[in-house]
Number of protein chains: 2
Amino acid sequence: MSSLVERLRGRKWRMTPQRRVIAETLDCGEHVHYTAEDILNRASVHMPEISRATVYNTLNDLVSLGEVLEVSVDGRSKRYDPNIHHDHEHLVCDACGAVRDVHIDGDALSLLSPQESHGFLVTEAKVTYRGICPDCQGRS
Amino acid sequence: MSSLVERLRGRKWRMTPQRRVIAETLDCGEHVHYTAEDILNRASVHMPEISRATVYNTLNDLVSLGEVLEVSVDGRSKRYDPNIHHDHEHLVCDACGAVRDVHIDGDALSLLSPQESHGFLVTEAKVTYRGICPDCQGRS
DNA sequence: CTCCCTGCAAATCCTTTGCATACCC
DNA sequence: GGGTATGCAAAGGATTTGCAGGGAG
């Protein structure tokens with residue numbers, strides 16, 4: 001599977017230094033997803049002048065392009081998931097809010113019986129697992 | 001199952017007119033969950049002077065008490081679910097953001113194999129179904 | 001009578017937007 | 001060079017908080 005940067009280049013997306021740094025930062029967190037603020041902080045290490053607005057704009061562009069997924073697990077900041085080409089679910093730490101990808105065996109869609117759909121046209125099922133991550137277990 | 005208002009009375013929670021109206025409003029949406037702003041609007045019908053801060057404070061208190069669940073399905077506003085005493089999952093409309101409860105047959109926790117837990121102490125699995133609600137299907 | 005809930009307004013957090021400039025293609 | 005991404009700062013929506021007064025127990 002190609003990296004996000006490679007895929008974007010392939011789609012002839014206008015590439016700028018800022019956008020490259022953001023895409024690379026997203027790829028680094030392929031299994032642990034960051035908030036916009038996280039991305040800004042990490043990108044700033046390699047490019048101190050990068051602006052908050054550019055990070056937000058770029059993340060929204062990537063979501064619109066369908067190359068990155070927006071994940072909301074708490075009411076606070078959204079997180080961004082670059083790993084859209086593998087089907088997966090999310091595992092959230094109740095202590096620190098970290099989010100990582102996991103793979104499951106079955107299909108959660110099949111757990112919903114037709115009469116429980118209440119007239120909705122149901123297209124997707126996502127499972128969110130919650131618990132305490134290894135780091136936070138150690139800290140307790 | 002007792003209503004939210006009855007349970008709160010039983011827990012000797014300090015009851016005020018504002019809090020009663022908020023709790024009753026939550027109970028009205030037992031299967032369709034509201035945002036804080038929704039609650040404010042609906043409560044205002046019965047009590048026009050009620051303040052936004054009181055609604056937010058009260059909702060947070062109820063979440064802390066464990067009597068109401070906070071639900072985040074998009075990056076926008078949180079929604080509040082008073083139906084914590086029945087195990088259930090959520091069905092979200094991608095068009096209007098409405099959230100309602102559904103019941104499923106199996107258990108999503110069992111879909112996660114131990115080696116996929118990545119060291120997390122996993123305590124909960126929640127499925128979020130997405131689709132288009134009957135109202136929005138009609139509107140399209 | 002005491003404590004804490006309420007309402008108001010200001011503050012805070014996260015995110016978006018307007019505009020002039022810079023730079024990718 | 002044209003069009004668009006960038007950076008800054010200000011605006012915007014959602015939620016929280018400080019403080020004075022009022023009402024529940």
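Chain A is the first sequence line, chain B the second, and so forth, proteins listed ahead of strands; every chain is numbered from 1.
Residue contacts shown for B:Glu49 are limited to sugar-phosphate atoms, with no base heavy atom under 4.0 Å away. Counting any heavy atom pair closer than 4.0 Å across all strands shown, B:Thr35 reaches no nucleic acid atom.
The nucleotide whose nearest atom lies closest to any side-chain atom of A:Ser51 is, among C:dC24, D:dC8, D:dT17, D:dC8. Comparing D:dT6, C:dT6, C:dC14 against the side chain of A:Asn57 picks out D:dT6 as the nearest. Proximity note for B:Tyr56 (side chain, C-beta onward) versus C:dC25, D:dA14, C:dA9: the nearest is D:dA14. Of the candidate nucleotides D:dA14, D:dT6, C:dT15, D:dT6 has the atom lying nearest to any side-chain atom of A:Arg19.
Taking atom CD of residue B:Gln18 and atom C1' of nucleotide D:dG23, one finds them 9 Å apart after rounding to whole Å. Atoms CD1 (B:Ile39) and P (D:dT15) sit 11 Å apart, rounded to a whole Å. Atom CG in A:Leu65 sits about 14 Å away from atom C1' in D:dA5, given to the nearest Å. Following rounding to the nearest Å, A:Asp38 (CG) and C:dT15 (C1') show an atom-to-atom distance of 15 Å. Rounded to an integer number of Å, the gap from A:Leu40 CG to D:dT6 C1' is 14 Å. D:dA5 atom C1' lies 9 Å from atom CG of A:Asp61, rounded to whole Å. Look at NZ on A:Lys78: it is 14 Å from C1' on C:dC13, rounded to the nearest Å. Taking atom CG on B:Leu59 and atom P on D:dA14, their separation rounds to 15 Å, with Å as the unit.
The base of C:dC25 lies outside donor-acceptor range of the side chain of A:Arg14, with no N or O pair under 3.5 Å.
Rounded to 10 degrees, the angle separating the terminal axes of the helix from C:dC1-D:dG25 to C:dC25-D:dG1 is 40°, with each axis obtained from five end pairs.
With respect to B:Lys126 and B:Asp87, a salt bridge is recorded, a charged nitrogen being found less than 4.0 Å from a carboxylate O. Under a 4.0 Å N-O distance rule, the pair A:Asp81/A:Arg100 does not qualify as a salt bridge.
Side-chain contact check for B:Ser64 and B:Asp61: no donor-acceptor pair (N or O, by modelled atom type) lies under 3.5 Å.
Comparing A:Ala36 and B:Ile50 by the nucleotide of DNA chain C that holds the closest heavy atom to each, the one mapping nearer the 5' end is B:Ile50. Where B:Met15 and B:Ser77 each meet DNA chain D at their nearest nucleotide, the meeting point lying more 5' is that of B:Ser77.
Residues B:His33 and B:His90 bring their aromatic ring centres within 6.0 Å.
Partners of B:Glu124 under the salt bridge (charged side-chain N to carboxylate O under 4.0 Å, His left out) rule, at least two apart in sequence or in another chain, do not exist in this structure. Every residue two or more places apart in sequence or in another chain that forms a salt bridge (charged side-chain N to carboxylate O under 4.0 Å, His left out) with B:Arg52 is listed here: B:Glu37.
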